[in-house]
Amino acid sequence: MDALRHTFEQQLAAALPDVEITLERPKSGELGDLAFPCFRAAKQLGKNPVQLSQELAASIHIEGGALVAAGPYLNLKLAPETRAQAVLSAILEAPPGRPYGARTANGKKVIVEYSSPNIAKLFTIGHLRSTMIGHALAQVHQFLGYEVHRLNHLGDWGTQFGTLLAAYTRWAQAENPELEQDFDWAEPAPEKRRTPLFRLFQLYVRFHAEEESDPAMRDEARGWFKRLEDNDPTARALWKQFRELSLTEFQRIYDRLGVRFDTLEQGEAFYEDQLVPTMKRLTEAGLLVEGDKGARIINLEDVGIATPCLVQKGDGTSIYATRDLAAALYRKDAYGFDRCLYVVGTDQVLHFQQIFAVLNKLDAWFKGRMLHTPFGMVKLPEGKMSTRKGNVIFLEDVLDEARERVAAIIEEKNPELKDKAAVAEMLGMGAVVFFDAMNDRVKPITFTWDRVIALDGDTGPYVQYAHARIMSVLRRAGGDWAARAQAGSPMGPIVPFAVTPLPADLDGVAAPEAQALLFELAGLPSAIAAVADGCMATPLARQLVAVARSFSGYYTNCPILAPENTPEMRDARLALCVATARALRQGLFLMGIQAPDEM
């Protein structure tokens with residue numbers, strides 16, 4: 001398809017020498033394979049866009065396709081054999097180091113900061129959004145040729161740790177220092193949650209519940225954080241213990257999700273020794289002024305931000321903004337990045353506007369390189385989740401429930417399936433992750449069990465089932481057909497496939513249903529590119545659903561292994577199956593979802 005797109009662009013550029021050529025993808029293959037909207041060109045030339053479309057259709061010729069004026073659009077509609085040749089060769093004959101839709105190294109560096117949970121708190125369903133949106137962005141940018149640095153900016157510093165230290169020393173240190181059994185509180189840990197990290201979560205919730213009636217407890221928490229920043233031995237030892245417990249638990253969850261980072265050590269605390277140099281730079285740049293109660297702030301009214309950026313409290317302790325500024329300055333020196341993506345919720349929009357504005361004032365190098373990719377929060381039907389109040393849905397509970405529901409269906413419909421537990425985990429995970437991806441990144445999600453772990457409709461299991469059905473067909477076909485659709489290492493940066501020559505005769509995929517499937521496969525590269533452009537996995541998720549749906553029509557109406565098929569027809573239809581399996585497997589992989597060979 002790249003060659004045909006290039007030819008179309010060249011022809012248009014020759015006919016319209018002073019016009020910027022931008023091609024689009026029609027909504028349906030019946031309209032064409034590529035479209036040139038004539039609005040901007042017509043306005044520039046002083047013509048009617050419908051008239052311009054008709055003139056271009058009459059003057060341009062592309063071998064293997066017809067140019068059709070459809071109102072203000074000039075559509076290139078390929079002949080069935082040309083479309084099959086272009087799409088199948090792009091997928092099946094792609095070199096192993098550059099699979100379908102991938103690009104070669106572009107020399108640009110991108111940092112993706114994602115997940116970023118707070119120490120001493122369990123993962124909730126809300127953490128899934130940052131983790132899996134960020135994972136997809138890292139995967140896709142690497143697929144598109146960027147040098148990617150995957151960073152997890154752990155919340156392992158700040159006033160919240162004063163809260164935790166105060167709670168622990170009040171209620172747990174004397175009787176339960178290792179957090180191994182229930183402490184005396186109204187809400188004992190449920191059996192599946194009797195872990196040290198859950199008990200730290202309970203302490204955190206309890207402290208905030210009781211401080212509502214005893215405001216003096218807030219000063220106690222602030223005092224403990226001041227001790228932590230002042231390098232008090234007791235505070236430091238407890239903080240280190242809580243951090244190590246948390247990292248062990250976090251790694252277990254990341255292993256289950258298939259998510260990886262370059263380091264788990266560059267949390268907020270990592271930049272502690274750079275806070276003083278950062279404040280010095282801000283002072284030398286003349287940006288700091290004194291705020292209320294001795295706080296240090298930076299005014300940003302001159303760049304349209306009414307709220308000043310607070311960078312140091314009156315007691316001299318740092319805050320979130322101080323540490324983010326220090327992190328950005330460190331990353332400039334360490335990585336020399338072209339783009340830094342912060343996958344953080346919409347409630348931090350103002351924070352990042354302030355941080356980026358301060359960085360732009362401090363060093364012009366940062367302009368245009370920093371991007372906050374906000375996402376809508378996950379809410380419960382009764383309102384916003386709150387760790388402080390304890391009304392949260394834990395991520396592992398969701399993953400376990402999804403797996404158990406899938407396992408029950410497998411036991412009912414295919415009890416002889418090999419590796420039932422592994423397949424149930426794949427499908428359950430696919431349901432949860434895909435549900436998140438199908439929702440627009442910036443919109444909030446209301447959590448309901450049935451929606452999140454649905455197994456039918458436009459879901460992960462629906463796409464996974466399409467892949468498994470194809471693999472079943474390829475196994476029944478015999479020979480090495482199934483092997484052609486399988487990747488080498490599923491955990492690598494890209495999914496490598498062996499080069500597979502095209503059949504000489506492609507008449508077997510000339511039917512409308514086969515052509516509709518080819519059209520949807522042709523849309524995958526642009527959907528992958530849209531993930532990077534829009535910083536969300538939604539375009540890829542929706543395109544994979546479209547491919548799976550089109551395959552269903554192809555499978556139903558184009559018998560693949562029918563005895564009456566000629567060898568040439570059989571080979572062409574199997575080649576389309578291989579291409580579709582590869583595309584689905586690759587697309588799911590980029591989203592962090594596995595594609596089972598059997599279901």
Side-chain angles (χ1 to χ4, degrees), residues 108-114 116 130 133-134 137 141 149 151 153 155 157-159 266-268 270-272 274-377 440-444 532-536:
K108 292 186 177 181
K109 299 177 183 178
V110 61
I111 291 174
V112 186
E113 179 195 298
Y114 58 110
S116 306
S130 175
I133 291 171
L137 293 181
H141 275 88
H149 299 276
L151 301 187
H153 192 67
W157 205 248
T159 304
Q266 289 185 18
E268 291 185 67
F270 177 81
Y271 304 100
E272 182 193 2
Q274 295 162 66
L275 297 180
V276 171
T278 297
M279 293 298 293
K280 182 180 179 182
R281 284 194 63 174
L282 293 171
T283 301
E284 291 173 347
L287 298 179
L288 291 177
V289 297
E290 187 169 328
D292 293 340
K293 299 179 181 179
R296 311 295 296 281
I297 64 173
I298 300 173
N299 288 317
L300 299 171
E301 291 181 347
D302 60 322
V303 291
I305 301 175
T307 306
C309 182
L310 173 65
V311 294
Q312 190 178 74
K313 295 181 181 178
D315 63 2
T317 56
S318 65
I319 65 166
Y320 192 31
T322 330
R323 298 185 288 274
D324 265 352
L325 290 170
L329 294 171
Y330 170 85
R331 291 170 184 176
K332 176 193 173 184
D333 294 338
Y335 301 105
F337 58 86
D338 295 280
R339 199 179 190 202
C340 184
L341 308 180
Y342 293 82
V343 187
V344 185
T346 53
D347 56 346
Q348 296 295 322
V349 167
L350 175 60
H351 167 79
F352 283 108
Q353 288 175 344
Q354 293 173 323
I355 293 300
F356 297 165
V358 172
L359 289 170
N360 290 345
K361 286 174 174 286
L362 194 61
D363 187 342
W365 183 89
F366 285 101
K367 289 183 178 180
R369 297 174 189 263
M370 318 297 281
L371 181 64
H372 176 208
T373 61
F375 56 86
M377 307 307 289
D440 188 296
R441 167 173 57 80
V442 298
K443 294 181 180 178
D533 293 339
C535 290
M536 69 174 82

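Note that the coordinates shown come from a computational prediction; the quantities given were computed from them, not determined experimentally.
In terms of heavy atoms, Asn299 sits closest to Ile297 at OD1-CD1, 4.0 Å. Closest heavy-atom contact between Phe375 and Ile133: CB-CD1, 3.9 Å. Considering all non-hydrogen atoms of both residues, Gln312 and Leu310 come closest at O-CD1, 3.4 Å. Considering all non-hydrogen atoms of both residues, Gln353 and Ile305 come closest at O-CD1, 3.5 Å. What you find for Val303 and Ala357 is that their closest heavy atoms are CG2-CB, 4.1 Å. Taking both residues in full, the closest heavy atoms of Ile111 and Tyr335 are given as CD1-CD1, 3.6 Å, listed atom of the first, atom of the second, then distance.
Between Tyr342 and Phe356, the ring planes are tilted. Angles from 30° to 60° get that label. Note on ring orientation: taking the six-membered ring where Trp is involved, the planes of His153 and Tyr271 are tilted (angle from 30° to 60°).
Note: Tyr320 and His351 meet the aromatic proximity criterion, with ring centroids under 6.0 Å apart.
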Problem - Full working for side chain to side chain contact (heavy atoms under 4.5 Å, CB included) between Tyr114 and Leu137 - result: CA-CA 9 Å; Tyr114 58 110; Leu137 293 181; over 6 Å; no
Exercise for the section: Take Val343 and Glu113 through the test side chain to side chain contact (heavy atoms under 4.5 Å, CB included) and record every step on the way to the result. Expected result: CA-CA 6 Å; Val343 187; Glu113 179 195 298; over 6 Å; no
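Once rounded to the nearest 0.5 Å, the distance linking CD1 of Ile355 with CG of Leu325 reads 4.0 Å. Here the CH2-CD distance, from Trp157 to Glu272, works out to 4.0 Å after rounding to the nearest 0.5 Å. Annotation: the span from Leu371 atom CG to Cys535 atom SG amounts to 5.0 Å, rounded to 0.5 Å. Distance check, rounded to the nearest 0.5 Å: CG of Asp324 to CD1 of Ile319 gives 9.5 Å. Within the model, atoms CD of Glu268 and OG of Ser116 stand 8.5 Å from one another, a figure rounded to the nearest 0.5 Å. Lys443 NZ to Met536 CE: the interatomic distance, rounded to the nearest 0.5 Å, is 9.5 Å.
More than 12 heavy atoms of other shown residues, nucleotides or ligands fall within 6.0 angstrom of atom CG in Asp333.
Between Leu282 and Val358 the shortest side-chain heavy-atom distance falls below 4.5 Å. The shortest distance between side-chain heavy atoms of Lys313 and Thr159 falls below 4.5 Å. Contact annotation: the side chain of Lys361 approaches that of Leu300 to within less than 4.5 Å [non-hydrogen atoms, C-beta and beyond]. Two residues are said to be in side-chain contact when any heavy atoms from C-beta on lie closer than 4.5 Å; Pro374 and Arg441 meet this criterion. Side chains of Val311 and Leu287 form no contact here, defined as non-hydrogen atoms less than 4.5 Å apart. Side-chain contact between Arg323 and Leu275: present, with at least one pair of heavy atoms (C-beta onward) separated by less than 4.5 Å. In this structure the side chain of Gln274 never reaches within 4.5 angstrom of the side chain of Leu329, judged on heavy atoms. For the pair Leu288 and Ile298, the minimum side-chain heavy-atom distance is below 4.5 Å.
When Lys108, His149, Met370 are each tested for a side chain to side chain contact (heavy atoms under 4.5 Å, CB included) with Phe337, only one passes: Met370.
Between the side chains of Arg339 and His141, at least one donor N or O sits under 3.5 Å from an acceptor N or O.
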